[in-house]
**Q** 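One structure is given below, represented as structure tokens, and several questions about it will come after.
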Amino acid sequence: MHHRLALCSPAEQAFGMSEKPCFDEMWGRDAQIRAPYQNFFDWFDQEDPKRLRAKNREAEELFRLTGITFNVYGRSEAEERLIPFDIIPRIISGSEWAKLSRGIEQRVRAINAFLHDIYHTQEILKAGRIPREMISQNEAFLPKMIGVDVPGGVYTHIVGIDLVCTGPGEFYVLEDNARTPSGVSYMLENRETMLQMFPELFSKNRVQSVQQYPIDLRRSLAACAPRMAEGDPTVAVLTPGIYNSAYFEHAFLADQMGVELVEGHDLRVIDGRVAMRTIHGYKPIDVLYRRVDDDFLDPLNFNPESQLGVPGIMDVYRAGGITIANAPGTGISDDKAIYSYMPEIVEFYTGERPLLQNVPTWRCSEPDSLAYVLDNLEDLVVKEVHGSGGYGMLIGPTATKKDIAAFRKKLKARPKNYIAQPTLSLSTVPIFAKAGLTPRHVDLRPYVLVSPDGIKITPGGLTRVALKKGSLVVNSSQGGGTKDTWVLEE
Amino acid sequence: MLGKTANGLYWMYRYMERAENTARLIETGQRIALTRLNQSDDEWKSIMQSADCFAGFQAEHDEITRDVAVDWMLRSKDNPSSIISSVNAARQNARLVRTAITGDVWEAVNSAYMVLKKALARKVSERDLPRVLRLIRHHAALVRGVTHGTMLRNDIYDFARLGTFLERADNTARILDVKYYVLLPSARAVGTSLDNVQWESILRSVSARGGFRMEYGAGGGPREIADFLILDKRMPRSLAFCVSKLCHNLDYLGDEDDTGAPSRERVGALRSGLLSKSIEDIFDYGLHEFLQKTLEELSGISGQIEQDFRFYA
């Protein structure tokens with residue numbers, strides 16, 4: 001079998017900062033199979049593409065049957081879509097991963113220290129490392145959290161760090177997700193699917209397991225139970241309901257952890273505890289893994305219109321009656337404006353140089369930066385400070401003149417709302433397309449669990465892939481797919 | 001268990017049972033139509049009454065024809081009891097209680113939904129009807145089978161069973177009530193072949209023909225049919241059988257504490273009422289009146305279960 005790999009087209013190269021062709025993680029820059037992929041490639045080369053294509057369809061049926069679907073916002077209720085799955089794994093060597101995970105751990109430690117500081121004595125502001133208004137005027141800052149001592153000292157029980165790769169071992173953090181990172185069910189189901197479809201691959205390659213994640217998650221959450229919890233802590237997952245785009249994941253995680261999946265209307269504050277309505281009456285919950293945003297968590301304390309939360313839960317929380325994971329107010333640490341200060345944050349709290357790099361970022365709130373960004377819109381990616389899901393951003397190199405002009409207006413009107421970054425030359429990993437292997441851009445979201453006992457990082461994470469040729473947008477809501485992510489044993 | 005989960009389980013199994021019952025009713029209707037003893041489409045009216053969807057049909061259609069009636073029961077989204085609506089609702093509830101059911105049960109419900117959605121995407125031709133109805137029964141049986149084979153026997157299972165048997169009792173009582181007049185002693189005198197077809201059709205619509213023949217051979221008339229479907233404790237779709245099951249499952253749920261006491265009391269009363277009666281007593285009381293009262297009580301019990309186990313509040 002001959003599988004040809006087209007190198008990046010000139011158009012794709014033009015997106016990059018550099019003149020170098022973008023780096024393919026399987027083929028490198030010089031069309032030599034890189035070591036972590038060698039075993040896989042030998043297998044792939046011997047396979048009949050017809051059989052693989054049949055397997056690809058089989059995978060899709062498997063996903064539909066297990067119901068691994070997501071609902072699309074703004075569509076009819078019944079619309080359930082599959083996130084396309086690509087059978088070519090993304091492979092990371094053990095040593096590369098070891099290096100990467102040290103950087104992730106350092107960053108997550110710093111994020112928690114930062115959150116504790118910001119909601120207590122604010123040393124970092126006193127030291128002048130971050131301008132005071134970055135916090136005081138930030139909508140993600142939650143005054144109700146000031147002075148609250150969170151159980152176990154943990155703010156971000158679950159973190160997803162979005163990374164991109166630009167060359168061998170060159171990773172950049174694109175974004176921290178410290179509120180309610182999603183997608184972990186795909187990491188688990190992608191592996192499950194690969195194991196079922198290609199068991200032989202896993203006897204040829206020593207791939208580090210990911211299946212312990214749900215148990216680790218439950219242990220990690222239980223370890224953060226409030227002091228008044230008695231015996232084995234009661235953990236529950238709070239979902240906005242079956243019409244939420246990530247409902248499948250909420251149900252999946254509750255199921256895998258063996259805990260209840262609750263909605264706001266199942267819960268009530270009784271005698272200073274948050275309790276769930278069981279068939280035998282109300283039963284207190286110790287740890288609530290909520291997949292509901294801060295704003296909707298408590299109509300008495302936040303958005304009064306919310307039907308998704310529990311009236312009074314914030315008061316119970318502040319009195320130490322329940323653990324909310326992640327803690328309310330963590331958004332201040334993954335805010336895109338704060339992102340640009342992450343190198344300072346890491347240094348300030350760990351006393352070490354950051355192991356993971358940030359993407360250079362211009363804060364449009366600063367006049368010099370704004371001027372530069374306005375002059376170079378064609379080459380930059382401009383993002384909303386509070387946006388997510390790839391909406392409301394400008395990708396300069398692919399945007400039309402009209403788009404750029406419209407965006408320029410928005411930017412000038414509210415410069416504080418935006419940051420800008422260069423378009424990095426993102427790495428690619430081949431996907432299995434009709435014509436054989438074809439490179440597509442990828443990112444990586446490893447999942448990190450934080451408890452008083454320490455930090456646990458599941459080897460690998462979720463690889464998202466932009467299925468459209470040349471596209472840099474990997475979000476599932478905009479046509480992205482996923483891959484199984486392998487970290488090899490050393 | 002959460003009250004919401006109990007609610008979801010109860011309704012998931014009610015809807016699965018309903019889909020299966022409706023399929024069986026359509027099969028019966030089709031069969032009567034094929035015997036050609038009855039030229040009019042009147043039979044479809046009583047079939048729809050049995051499936052409790054005639055009022056809705058009347059609101060939408062002026063005339064009853066086979067095609068429209070079958071389509072209404074099979075695939076109308078305006079009919080909340082149509083097979084497609086029932087399977088949809090069963091799956092929606094299964095999604096809600098995904099953490100309570102096993103992966104096998106979820107996959108069985110989900111695949112029932114996917115297969116039937118496809119099979120019912122277009123109008124089903126008369127030629128295709130038997131195959132489609134068989135498909136529905138097979139998928140319902142699959143869900144029942146994996147439930148039996150993979151679920152723990154705990155409170156989750158109890159609510160699944162409550163939903164199943166409440167729906168089934170309701171269905172049997174309704175089938176009998178729509179046809180009660182052909183079972184009355186006064187009708188016995190008529191003894192035409194038409195009556196034989198009617199009796200057969202009642203037995204078929206609850207899958208009881210085989211069991212009945214095993215028990216009564218070639219004999220047995222309306223009295224025996226009524227006795228078989230109301231009082232026979234071995235017949236899995238009889239009122240006595242279903243109500244006994246409701247009793248047992250409510251008893252298991254009461255092991256821990258007093259929760260569910262009012263439901264247990266009501267079901268217990270219904271059961272002893274059934275056990276103490278002979279079929280003659282029921283005829284003397286009035287078959288129609290008896291069935292109406294039973295239907296009312298079943299609906300009352302359903303409401304009581306909802307309340308006792310905090311389904312909504």
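Every chain is numbered from 1, with letters handed out A, B, ... down the list of sequences.
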**Q** Any chance the side chains of T180(A) and R290(A) put a donor and an acceptor closer than 3.5 Å?
**A**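 R290(A) and T180(A) do not have a side-chain donor-acceptor pair below 3.5 Å.
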
**Q** Who wins among V237(A), T66(A), T239(A), V259(A) for the most heavy-atom pairs under 4.5 Å with chain B?
**A**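 Among the listed options, the one with the most contacts to chain B is T66(A).
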
**Q** Picking from R144(B), R137(B), R134(B), R168(B), what satisfies salt bridge (Lys or Arg N to Asp or Glu O under 4.0 Å) with E20(B)?
**A**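 It is R144(B), the one option of R144(B), R137(B), R134(B), R168(B) that forms the salt bridge (Lys or Arg N to Asp or Glu O under 4.0 Å) with E20(B).
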
**Q** Contact part of F159(B) toward chain A, heavy-atom cut-off under 4.5 Å: side chain, backbone, both or neither?
**A**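 For F159(B), the side chain is the part near chain A, not the backbone.
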
**Q** Relative to each other, are the rings of H250(A) and Y247(A) parallel, tilted or perpendicular (30° and 60° limits)?
**A**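 Judged by the thresholds at 30° and 60°, the geometry between H250(A) and Y247(A) is perpendicular.
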
**Q** Please lay out, stage by stage, how R98(B) and W106(B) fare under the test side-chain contact (heavy atoms from CB on, under 4.5 Å).
**A** CA-CA 7 Å; R98(B) 183 59 193 82; W106(B) 160 252; 3.4 Å; yes

**Q** Using a 4.5 angstrom heavy-atom cutoff, name the option from T278(A), D266(A), I279(A), L261(A) with the most pairs to chain B.
**A**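 Winner by heavy-atom pair count: I279(A).
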
**Q** Name the option with the most non-hydrogen atom pairs under 4.5 Å to chain A; the candidates are D257(B), V97(B), N7(B).
**A**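 Most heavy-atom pairs within the cutoff with chain A belong to D257(B).
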
**Q** Does any donor atom in the side chain of N190(A) or T482(A) lie under 3.5 Å from an acceptor atom in the other side chain?
**A**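 Per modelled atom types, N190(A) and T482(A) side chains form a pair under 3.5 Å.
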
**Q** A313(B) versus chain A, heavy atoms under 4.5 Å apart: side chain, backbone, both or neither?
**A**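 Just its backbone gets close to chain A.
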
**Q** Of the backbone (N, CA, C, O) and the side chain (C-beta and beyond), which part of Q256(A) lies under 4.5 Å from a heavy atom of chain B, both, or neither?
**A**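 Contact with chain B: none, neither part.
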
**Q** Relative to chain B, which segment of R64(A) carries a heavy atom at a distance below 4.5 Å: side chain, backbone, both, or neither?
**A**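 Both the backbone and the side chain of R64(A) come within 4.5 Å of chain B.
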
**Q** May I ask you to name which of Q92(B), M114(B), M1(B), E107(B) has the most heavy-atom pairs under 4.5 Å with chain A?
**A**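 The residue among Q92(B), M114(B), M1(B), E107(B) with the greatest pair count is M1(B).
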
**Q** Ignoring hydrogens and angles, state whether a donor on the side chain of R91(B) or N110(B) is under 3.5 Å from an acceptor on the partner side chain.
**A**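 On atom types as modelled, these side chains qualify, holding a pair under 3.5 Å.
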
**Q** If you count heavy-atom pairs under 4.5 Å with chain B, which of E260(A), H265(A), K283(A) comes out on top?
**A**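 Option with the top pair count is E260(A).
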
**Q** Taking side chain as everything from C-beta outward and backbone as N, CA, C, O, which of these in V262(A) sits under 4.5 Å from a heavy atom of chain B? Side chain, backbone, both or neither.
**A**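 Both backbone and side chain of V262(A) come within 4.5 Å of chain B.
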
**Q** Ignoring hydrogens and geometry beyond distance, is a side-chain donor-acceptor pair present between T102(B) and D104(B) at under 3.5 Å?
**A**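 Side-chain D/A pair, T102(B) to D104(B): absent.
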
**Q** Under a 4.5 Å heavy-atom cut-off, does chain A meet the side chain of D155(B), its backbone, both or neither?
**A**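 Just the side chain, heavy atoms under 4.5 Å.
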
**Q** Any side-chain heavy-atom pair from E17(B) and N171(B) closer than 4.5 angstrom?
**A**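 A side-chain contact is absent here, since even the closest heavy-atom pair is not under 4.5 Å.
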
